[in-house]
Amino acid sequence: MSAALPLTACGQQRVAAGAPGSTPSSAPGSPRSTPSPSDAGASPYVEPGAHDGAPHYGDNNAYRRSGEMSPAGEKDARKEADRIEPVLKRLWKQRKWDPKSVRTALLALGYEELRTGPKGEQLGGKLEVRGMSARFESDHYVTPEGARIGLHVHKDACVTAFVQKTNYQVQINGPYMETGCFEPPYGH
């Protein structure tokens with residue numbers, strides 16, 4: 001003889017009243033007949049690297065992952081990052097983090113500004129300097145002072161950096177699927 005085990009809405013098994021092996025505490029009407037929040041637990045599917053355990057976290061955030069770099073691309077990007085870092089450090093100490101000052105200082109290193117055609121195709125140059133992205137604070141968006149830097153070292157390698165009032169940072173990464181060297185903003 002087999003007993004049917006009904007499932008709750010969350011997929012948790014619950015022993016039916018009167019089923020073999022049931023106890024008075026698992027019978028309907030008893031304090032434990034409905035799963036408590038602690039009984040429900042996390043989603044049964046947790047993707048590796050999912051920050052909040054959400055199913056499909058990786059798929060939903062694939063646009064925010066940079067591409068892979070080849071060993072040669074990584075080596076060349078590291079070399080360029082080592083050239084850029086002291087310039088940003090100097091600018092930060094001088095309290096010059098506006099895009100125009102940053103662009104001028106990096107062009108002095110011999111980089112050319114990225115030029116694109118009407119369809120977005122790259123026509124030359126490798127350097128992009130932009131203002132900081134707006135971010136939401138409390139109840140409105142603010143755009144902090146500062147500059148973001150994207151240097152296209154190879155098709156598979158970038159130097160991504162920023163300099164702002166509070167700090168500066170230089171890192172290497174592969175390009176992002178939709179935004180090149182710049183990390184894309186969150187979708188929601």
### Task
Go through the structure and list residues passing side chain to side chain contact (heavy atoms under 4.5 Å, CB included) with Glu137, not counting sequence neighbours.
Arg135, Val142
### Message
So, taking the atom named NZ in Lys89 and the one named CG in Asn167, what distance separates them when rounded to the nearest 0.5 Å?
### Response
13.5 Å
### Task
Report the C-alpha distance between Met132 and Trp97 in whole Å, list the side-chain angles of each, state the deciding distance to 0.1 Å, and finish with yes or no for side-chain contact (heavy atoms from CB on, under 4.5 Å).
CA-CA 10 Å; Met132 299 297 281; Trp97 41 75; over 6 Å; no
## Note on the structure
Smallest heavy-atom separation, Ala147 atom then Pro99 atom, equals CB-CA, 3.8 Å
### Query
Quick one: does Glu74's side chain get under 4.5 Å of Ile172's, heavy atoms only?
yes
### Summary
By side chain to side chain contact (heavy atoms under 4.5 Å, CB included), Tyr141 pairs with (sequence neighbours left out) Ala134, Phe136
### Message
Let's go through Met69 and His154 carefully: what are the C-alpha distance in whole Å and the side-chain angles of both, what is the deciding distance for side-chain contact (heavy atoms from CB on, under 4.5 Å) to 0.1 Å, and is it a yes or a no?
### Response
CA-CA 9 Å; Met69 286 188 286; His154 295 299; over 6 Å; no
### Message
Quick one: does any side-chain atom of Arg148 pair with a main-chain N or O of Phe162 as donor and acceptor, under 3.5 Å?
### Response
no
### Message
Once side chain to side chain contact (heavy atoms under 4.5 Å, CB included) is applied, do any residues pair with Glu80, and if so which ones, sequence neighbours excluded?
### Response
Arg83, Tyr111, Leu151, Val153, Val159
### Message
Check whether Asp156 reaches the backbone of Gly174 with its side chain - one donor and one acceptor, N or O, closer than 3.5 Å.
### Response
no
### Query
Quick one: does Thr104's side chain have a donor or acceptor within less than 3.5 Å of a partner on Lys100's backbone?
yes
### Query
Under 3.5 Å, is there a donor-acceptor pair between the side chain of Trp92 and the main chain of Gln164?
yes
### Task
Provide the closest heavy-atom pair for Leu91 versus Ala105 in the form atom of the first, atom of the second, distance.
CD1-CB, 3.9 Å
### Query
If you measure from CD on Glu183 to OG on Ser133, what distance do you get to the nearest 0.5 Å?
9.5 Å
### Task
Please check if the side chain of Thr160 supplies one atom and the backbone of Gly150 the other of a donor-acceptor pair under 3.5 Å.
no
### Message
When you compare the side chain of Leu127 with that of Glu112, does any pair of heavy atoms fall below 4.5 Å?
### Response
no
### Task
Might you point out which heavy atoms bring Cys158 and Ala77 nearest each other, and give the distance in Å?
O-CB, 3.9 Å
### Task
Determine, using the 4.5 Å side-chain heavy-atom cutoff (strictly less than), whether Leu88 and Leu109 are members of one ILVMFWY cluster.
yes
### Task
Nearest 0.5 Å please: distance from the OG atom of Ser101 over to the CZ atom of Arg95.
13.0 Å
#### Entry: Where Gly73 and Ala157 come nearest, the two heavy atoms and their spacing
O-CB, 3.4 Å
### Message
As a quick check of understanding, evaluate side-chain contact (heavy atoms from CB on, under 4.5 Å) for Lys96 and Arg90, giving each step before the final call.
### Response
CA-CA 9 Å; Lys96 292 182 180 179; Arg90 176 178 47 83; over 6 Å; no
### Task
Answer yes or no: are there more than 12 heavy-atom neighbours, outside Gln171 itself, under 6.0 Å from its atom CD?
yes
### Message
Quick one, Arg103 with Glu113, criterion salt bridge (charged side-chain N to carboxylate O under 4.0 Å, His left out). Give me CA distance, side-chain angles, the key distance, then yes/no.
### Response
CA-CA 8 Å; Arg103 183 179 298 107; Glu113 200 161 2; 3.0 Å; yes
### Message
One pair to check against side-chain contact (heavy atoms from CB on, under 4.5 Å): Ile149 and Glu128. What are the steps and the verdict?
### Response
CA-CA 6 Å; Ile149 298 99; Glu128 291 184 85; over 6 Å; no
